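Predicted model only: the values in this text are computed from it and were never measured.
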Amino acid sequence: KGPSSLPALPPRNKSLASGSFAVCVMALNEGNFVAEFIDFYLMQDAAHIFFYVDSSTTDSTKAVLAPYIAAGKVTLHDWPPEPGSAMEAELKRDKIKSRIHPLETIRTFNPSCGVPNGRMMHCAGHHLQMTHCARRAHEMGIKWAGMLDIDEFWFSQRFGTLERLLAHKYNSGYHGIGQTAMQFHAGPVDGPCSQLPPVIASHLWRSPVTKYRNEKGFSKFTWVRLDKVKQSNIGVHESKFFSCADEERSAHYCKGPAWSPLKPGRYPKPLPPCCELITHVPTLEELQWNHYVAKSKTCANEKLMKNRNSSSVQLATPEMESVWRSMLNKTVCDTAILPHMPAKYNLALKPPVSQRCRPLIEQKPNPQNDQWNQLVVTCLYERLQLLSADKVQM
């Protein structure tokens, strides 16, 4: 398609609430996880979801997206913008640029990734993708955008939905919001990516969090206010905001280690006041981030082959087998997300349900109660055993 077939800009809705948010996400052969991801964020009251689907995708991802696109909930973009493509023309037409990833440097196979003929989505213009998404969401009147990966699920126990949480933070004057990741692992689940059950309901085991906002951290400043962020400087840690006059005062600059509270005295200058606005980390009750980093050993190995990603290498190589077992032995059961997910994905509630599991259907979810959590795990194991024996259908 040429420039003459470029899509019209979406209508602007000035009445959207202060907590309205868009989700910006890239996908490469994620067909088995797309629907769960979308349904979860629609339940969080997402105003719109922008999918940037890798041009080398070969699975069912686009087919799964089709009904959501038809319903006006999702916009699909082919990515990255190849020379001569409609997306390249659109970016030039609307002067959408990224200081970090200029358009002319982006190619489907980027040799700068360091792996011959390899592919990492972060090398395929990730920051330009975020910039494009932020611009489009802002044009629609949406107030916030979340720069996510498809294995990231954010929710609020206190406020019920992300929309309510973000409205509260908007009214409190915050411009950027992040959180420390809860790193979830496979537990008893194994198999290829395309055959795994819904991730939220079957991956309840995570690594313990030893330090809140620790120095290494997995803190990710995902949520940005679109009227406050500089839309030529979008990036999960690199986003820059109008509230910080110094060009270097991005989220990455503010979170450390130069300003780390764990190293008092090393950096005598006080933390710039604007940092409190752009790197706000709420309490875990307000905002929790579940990161399903290792869906299974087999799936991790597939990701290794797909993305040539160093974290996948660590999880997939035979030398890391003992590390994998050790990781699973140190897990914590965390069911806090279950009340915030669509019920159709909850394996423990799917028929046939045994008598001992009926309270999960009849009672209100209570993830703070140890007995309720244990019942969830018991019924999940029961479901996984039935699935492995092919006695039930997903």
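- In this structure, OG in Ser172 is found 11.0 Å from CG in Leu166, a value given to the nearest 0.5 Å.
- Residues Gln179 and Leu284 have side chains in contact (heavy-atom distance under 4.5 Å, counting atoms from C-beta outward).
- At least one donor-acceptor pair under 3.5 Å links the side chain of Glu36 to the backbone N or O of Val199.
- Annotation for His340 and Gly160: closest pair ND1-O, 3.4 Å, computed over non-hydrogen atoms.
- Looking only at atom types and distance, the side chain of Asp151 has a donor-acceptor partner in the side chain of His291 under 3.5 Å away.
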Discussion item. Working note: Cys24 + Met147, criterion side chain to side chain contact (heavy atoms under 4.5 Å, CB included); need CA distance, chi angles, decisive distance, verdict.
Written reply: CA-CA 5 Å; Cys24 308; Met147 309 303 168; 3.8 Å; yes
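- The aromatic rings of Trp154 and Trp289 lie parallel to each other, with less than 30° between the two planes, well short of the 60° mark.
- A distance of 13.5 Å separates CE in Met87 from NZ in Lys92, rounded to the nearest 0.5 Å.
- Closest approach of Ser18 to Asn171, counting heavy atoms only: OG-OD1, 3.8 Å.
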Item to complete: Show your working on side chain to side chain contact (heavy atoms under 4.5 Å, CB included) between Arg135 and Asp94 and close with a plain yes or no.
Response: CA-CA 10 Å; Arg135 175 78 70 85; Asp94 298 328; 4.3 Å; yes
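- A salt bridge is defined here as a Lys NZ or Arg NE, NH1 or NH2 lying under 4.0 Å from an Asp or Glu carboxylate O, and Arg158 with Glu286 meets this definition.
- For the pair Leu28 and Val53, the minimum side-chain heavy-atom distance is 4.5 Å or more.
- Taking 4.5 Å as the limit, every side-chain heavy atom of Ile278 sits out of range of all side-chain heavy atoms of Tyr174.
- Lys62 places no side-chain N or O within 3.5 Å of a backbone atom of Ser60 that could act as its donor or acceptor partner.
- Remark: the Gln195 side chain and the Asn32 side chain contain no N/O donor-acceptor pair separated by less than 3.5 Å.
- You'll find the side chain of Lys240 reaches within 4.5 Å of the side chain of Lys230, heavy atoms only.
- The aromatic rings of Tyr52 and His132 sit perpendicular, their planes meeting at an angle over 60°, well past the 30° parallel limit.
- Judged by distance alone, with hydrogens and angles left aside, the side-chain atoms of Ser202 form a donor-acceptor pair with the main-chain N or O of Pro198 at under 3.5 Å.
- Between Asp334 and Gln288, the shortest heavy-atom distance links the atoms OD2-NE2, 3.2 Å.
- Using a 4.0 Å cut-off between a side-chain N of Lys or Arg and a carboxylate O of Asp or Glu, Lys73 and Asp39 do not qualify as a salt bridge.
- With hydrogens and angles ignored, the 3.5 Å screen pairs a side-chain donor or acceptor of Asp59 with a backbone N or O of Gly31.
- Considering every non-hydrogen atom in both His280 and Pro282, the closest pair reads O-CD, 3.7 Å.
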Practice prompt. Start with the C-alpha gap between Val64 and Phe33, add the side-chain angles, then the distance that decides, and say whether side chain to side chain contact (heavy atoms under 4.5 Å, CB included) holds.
Written response: CA-CA 10 Å; Val64 175; Phe33 308 111; over 6 Å; no
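- Side chain of Ser296 to backbone of Cys299: a donor-acceptor contact under 3.5 angstrom is found.
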Item to complete: Go through the steps to decide whether Phe37 and Tyr41 satisfy the test ring pair (Phe, Tyr, Trp, His ring centres under 6.0 Å), and finish with yes or no.
Response: CA-CA 6 Å; Phe37 179 90; Tyr41 281 105; 4.9 Å; yes
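- Taking the centre and axis of the six-membered ring of Phe184, the NZ or CZ atom of Lys295 falls outside the cone set by 45° and 6.0 Å.
- Between Tyr68 and Leu42 the shortest side-chain heavy-atom distance falls below 4.5 Å.
- For the atom pair CH2 of Trp144 and NZ of Lys169, the computed distance is 9.0 Å after rounding to the nearest 0.5 Å.
- A side-chain donor-acceptor contact under 3.5 Å links Asp54 to the backbone of Ser56.
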Worksheet entry | Candidate pair His48 and Phe50, rule ring pair (Phe, Tyr, Trp, His ring centres under 6.0 Å), full reasoning | CA-CA 7 Å; His48 202 73; Phe50 294 87; 4.8 Å; yes
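- Atom CZ of Phe242 sits about 9.0 Å away from atom NZ of Lys228, to the nearest 0.5 Å.
- The CG atom of Leu65 lies 6.0 Å from the CG atom of Leu76; values are rounded to the nearest 0.5 Å.
- Put simply, the side chain of Arg225 never gets that close to the backbone of Ile177: no donor and acceptor are under 3.5 Å apart.
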Practice prompt. Could you walk me through whether Phe21 and Gln44 pass side chain to side chain contact (heavy atoms under 4.5 Å, CB included), step by step?
Written response: CA-CA 10 Å; Phe21 69 94; Gln44 299 297 314; 4.0 Å; yes
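- Under the 4.0 Å criterion applied to side-chain N and carboxylate O atoms, Arg136 and Glu90 are assigned as salt-bridge partners.
- Phe155 and Phe40 get closest at one heavy-atom pair: CB-CZ, 3.9 Å.
- Taking the side chain as every heavy atom from C-beta outward, His126 and Asp149 approach each other to under 4.5 Å.
- Here the SG atom belonging to Cys133 is positioned 8.0 Å from the CD1 atom belonging to Ile142, to the nearest 0.5 angstrom.
- You'll find the ring centres of Phe159 and His168 inside the 6.0 Å limit.
- Not a single donor-acceptor pair under 3.5 Å links the side chain of Asp45 to the backbone N or O of Glu163.
- Checked by atom type and distance alone, the side chain of Ser55 never pairs as donor or acceptor with a backbone atom of Asp78 at under 3.5 Å.
- Annotation: side chain of Thr75 is not in contact with side chain of Ile69 (no heavy-atom distance under 4.5 Å).
- In this structure the side chain of Lys344 never reaches within 4.5 angstrom of the side chain of Asn346, judged on heavy atoms.
- Closest approach of Thr57 and Ala27 over heavy atoms only: OG1-O, 3.7 Å.
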